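Notes for the one structure printed next.
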2 protein chains.
Amino acid sequence: MAGRKVLIVYAHQEPRSFNGSLKRIAVEELSKQGCSVTVSDLYAMQFEPRATRNDVVGCLDNSEEFNYGVETWEAYKRGGLSNDVIEEQKKVQEADLLIFQFPLYWFSMPAIMKGWMDRVLVQGFAHEFPNCYDSGLLKNKLAMFSFTTGGSEEMYAKGSINGDIRYLLWPMQHGIMHFCGVKVLAPHICFAPEYVSEEKRKEMLNAWAQRLKTLWKEEPINCSPEWYFQ
Amino acid sequence: MAGRKVLIVYAHQEPRSFNGSLKRIAVEELSKQGCSVTVSDLYAMQFEPRATRNDVVGCLDNSEEFNYGVETWEAYKRGGLSNDVIEEQKKVQEADLLIFQFPLYWFSMPAIMKGWMDRVLVQGFAHEFPNCYDSGLLKNKLAMFSFTTGGSEEMYAKGSINGDIRYLLWPMQHGIMHFCGVKVLAPHICFAPEYVSEEKRKEMLNAWAQRLKTLWKEEPINCSPEWYFQ
């Protein structure tokens with residue numbers, strides 16, 4: 001789909017990692033389709049994950065008691081957020097599709113990526129009550145969580161020790177993306193690439209490239225409790 | 001319970017915040033009981049949330065391709081983790097009870113606290129297959145997630161827009177604490193302190209102090225999918 005804009009938010013320390021390969025394949029395949037692809041390589045950028053007073057340029061609205069949510073909302077409205085946050089917001093604003101590429105850390109995304117969510121998706125920019133969920137401010141965008149696990153697919157089956165993998169997708173897909181109005185494509189999960197054969201790893205990379213070829217034809221999931229918990 | 005050791009991992013930027021009050025009350029009440037209380041005040045410590053090569057002192061096991069999980073596991077075994085991580089591991093090792101005190105950010109903990117999980121609970125220290133879940137290396141410890149929300153209790157009821165609050169506890173309580181063998185006490189949730197009356201806020205602080213008085217008599221929850229999803 002020529003002309004579409006994609007932002008890949010990528011969190012792995014090592015370019016030669018399996019996550020690095022998945023990211024590279026996405027850049028190549030989507031570029032080949034004529035999409036314009038931007039990558040936020042969070043570790044390479046040394047992206048700041050901590051939500052602090054430094055995110056607000058100039059005076060605070062209330063310097064007696066620092067309230068991060070209120071201060072960043074006010075700062076957003078007057079154009080007073082720190083530059084690194086503004087840069088990421090511009091990339092999000094322009095994107096039709098956000099791909100989050102990361103290794104699963106503790107049933108969630110790595111802290112550096114959680115910090116991207118905490119700092120970039122501020123009130124006023126991504127949501128502003130009652131503009132949340134289906135009327136969130138980032139509606140008309142798509143998102144996909146693409147990640148690797150340590151555990152095998154069997155360990156993330158319903159009834160197994162880790163529970164259904166969908167359980168852990170709720171906070172990320174529903175609590176963040178859906179909350180901002182973003183429609184969520186089915187996640188792309190590569191189970192335990194560290195523990196499978198080289199051949200199997202190649203198959204996984206190939207499957208990702210194949211999926212990307214028809215990505216724009218996919219329908220978003222129905223992001224409601226039923227999808228996650230049946 | 002005199003002599004018991006408690007570690008409070010605290011993530012709020014502002015000492016005068018409601019989270020700050022909850023933390024202070026816990027320190028006071030538990031100290032009064034004769035417990036020894038340690039606080040890791042993550043923002044005050046400027047705790048590093050990013051999982052990087054800096055966490056490993058000296059040479060890498062494989063300098064060709066950096067694998068955070070493998071390198072920190074090896075570093076743990078030879079005593080080669082960075083000092084800030086070792087300090088936190090010592091506090092965890094000594095503690096009978098871990099209390100995580102934070103404002104809910106995006107259906108989860110703030111990035112600075114997620115970074116504490118990512119960096120401190122390394123393989124070899126907190127888990128080492130097959131020593132996970134009930135045989136995790138931190139068994140015989142208790143943990144509690146104590147947090148504030150922006151949304152009201154009604155917004156986090158089953159069937160309402162945010163879904164049951166228990167849905168979002170799964171990755172934190174089960175995926176992190178239970179995985180390491182830690183038994184989980186019922187969470188302590190203060191809903192929307194920013195949007196209630198001063199009197200109601202005082203009631204909430206009082207309820208926390210009251211709960212702490214009999215905390216050591218509480219039974220852990222049954223940390224299985226039934227508790228979360230019924």
Side-chain angles (χ1 to χ4, degrees), chain A residues 11-17 20 42-43 46-53 64-70 103-119 121 123 129 132-133 150 158-159 161-164 167-172 174-176 179 194 224-225 228-230, chain B residues 11-17 20 42-43 46-53 64-70 103-119 121 123 129 132-133 150 158-159 161-164 167-172 174-176 179 194 224-225 228-230:
Chain A
H12 202 288
Q13 306 89 349
E14 173 58 61
R16 282 177 290 266
S17 64
L42 300 180
Y43 288 104
Q46 300 185 272
F47 188 79
E48 172 62 73
R50 291 165 287 208
T52 71
R53 194 258 174 264
E64 295 292 306
E65 190 182 324
F66 180 70
N67 181 315
Y68 185 80
V70 170
L104 197 69
Y105 277 16
W106 290 119
F107 279 44
S108 184
M109 62 192 87
I112 199 169
M113 186 176 279
K114 180 57 166 51
W116 187 95
M117 305 289 179
D118 292 350
R119 297 180 61 230
L121 304 176
Q123 186 154 12
F129 193 81
C132 55
Y133 291 111
K158 208 173 178 108
I161 189 68
N162 288 342
D164 193 320
Y167 297 164
L168 62 81
L169 291 166
W170 174 258
M172 298 189 276
H174 180 77
I176 306 179
F179 188 88
E194 283 190 62
S224 69
Y228 298 87
F229 316 114
Q230 285 184 344
Chain B
H12 202 288
Q13 305 90 347
E14 173 58 61
R16 282 176 290 266
S17 64
L42 300 180
Y43 287 104
Q46 299 185 272
F47 188 79
E48 171 62 72
R50 290 165 288 207
T52 71
R53 193 259 175 266
E64 295 294 306
E65 189 181 323
F66 181 70
N67 181 315
Y68 186 80
V70 169
L104 197 69
Y105 277 15
W106 290 117
F107 279 44
S108 183
M109 62 192 86
I112 199 169
M113 185 176 279
K114 180 56 167 50
W116 187 95
M117 305 288 179
D118 291 350
R119 297 180 61 231
L121 304 177
Q123 186 154 12
F129 192 81
C132 55
Y133 291 112
K158 207 175 180 108
I161 189 69
N162 288 341
D164 193 320
Y167 297 164
L168 62 82
L169 291 166
W170 173 259
M172 299 191 275
H174 180 76
I176 307 179
F179 189 89
E194 282 189 63
S224 70
Y228 297 87
F229 314 114
Q230 284 187 344

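Everything quoted here is computed from the prediction, not taken from an experiment. So that the names make sense, note that chain A is the first sequence line, chain B the second, and so on, each numbered from 1.
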Could you have a look at [options] and say which one has the most heavy-atom pairs with chain B under 4.5 angstrom?
options	value
A:F66, A:F107, A:W106	A:W106
A:N162, A:I112, A:T52	A:N162
A:G69, A:A111, A:P103	A:A111

Item checked: Contact origin within B:I161 toward chain A - heavy atom pairs under 4.5 Å ->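 Contact with chain A is through both the backbone and side chain of B:I161.
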Notebook entry, point to check: So which part of B:F47 gets closer than 4.5 Å to some heavy atom of chain A, the side chain, the backbone, both or neither?
Noted result: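 Answer is backbone: N, CA, C or O of B:F47 sit under 4.5 Å from chain A.
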Notebook entry, point to check: Which one of B:Y167, B:Y228, B:F229 satisfies the ring pair (Phe, Tyr, Trp, His ring centres under 6.0 Å) criterion with A:Y167?
Noted result: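 For A:Y167, the ring pair (Phe, Tyr, Trp, His ring centres under 6.0 Å) test succeeds with only one of B:Y167, B:Y228, B:F229, which is B:F229.
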Toward chain B, the part of [X] with a non-hydrogen atom under 4.5 Å:
X	answer
A:M109	backbone
A:Y105	both
A:L121	both
A:Y133	side chain

Check: If you round to the nearest 0.5 Å, how far is CE of B:M113 from CE of B:M172?
Finding: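 B:M172 atom CE to B:M113 atom CE measures 9.5 Å (nearest 0.5 Å).
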Notebook entry, point to check: CG/B:L168 to OG/A:S108 distance, rounded to the nearest 0.5 angstrom?
Noted result: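 Separation between the atoms: 11.5 Å.
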Notebook entry, point to check: Under 3.5 Å, is there a donor-acceptor pair between the side chain of A:R16 and the main chain of B:E64?
Noted result: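 Side chain of A:R16 to backbone of B:E64: a pair is present.
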Check: Do A:Q230 and A:D164 have side-chain atoms, one donor and one acceptor, less than 3.5 Å apart?
Finding: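 Note: A:Q230 and A:D164 side chains miss the donor-acceptor criterion.
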Check: Taking every heavy-atom pair that is under 4.5 Å apart, which of B:E48, B:E14, B:E194, B:Q13 has the most such pairs with chain A?
Finding: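 Max contact count across the listed options: B:E14.
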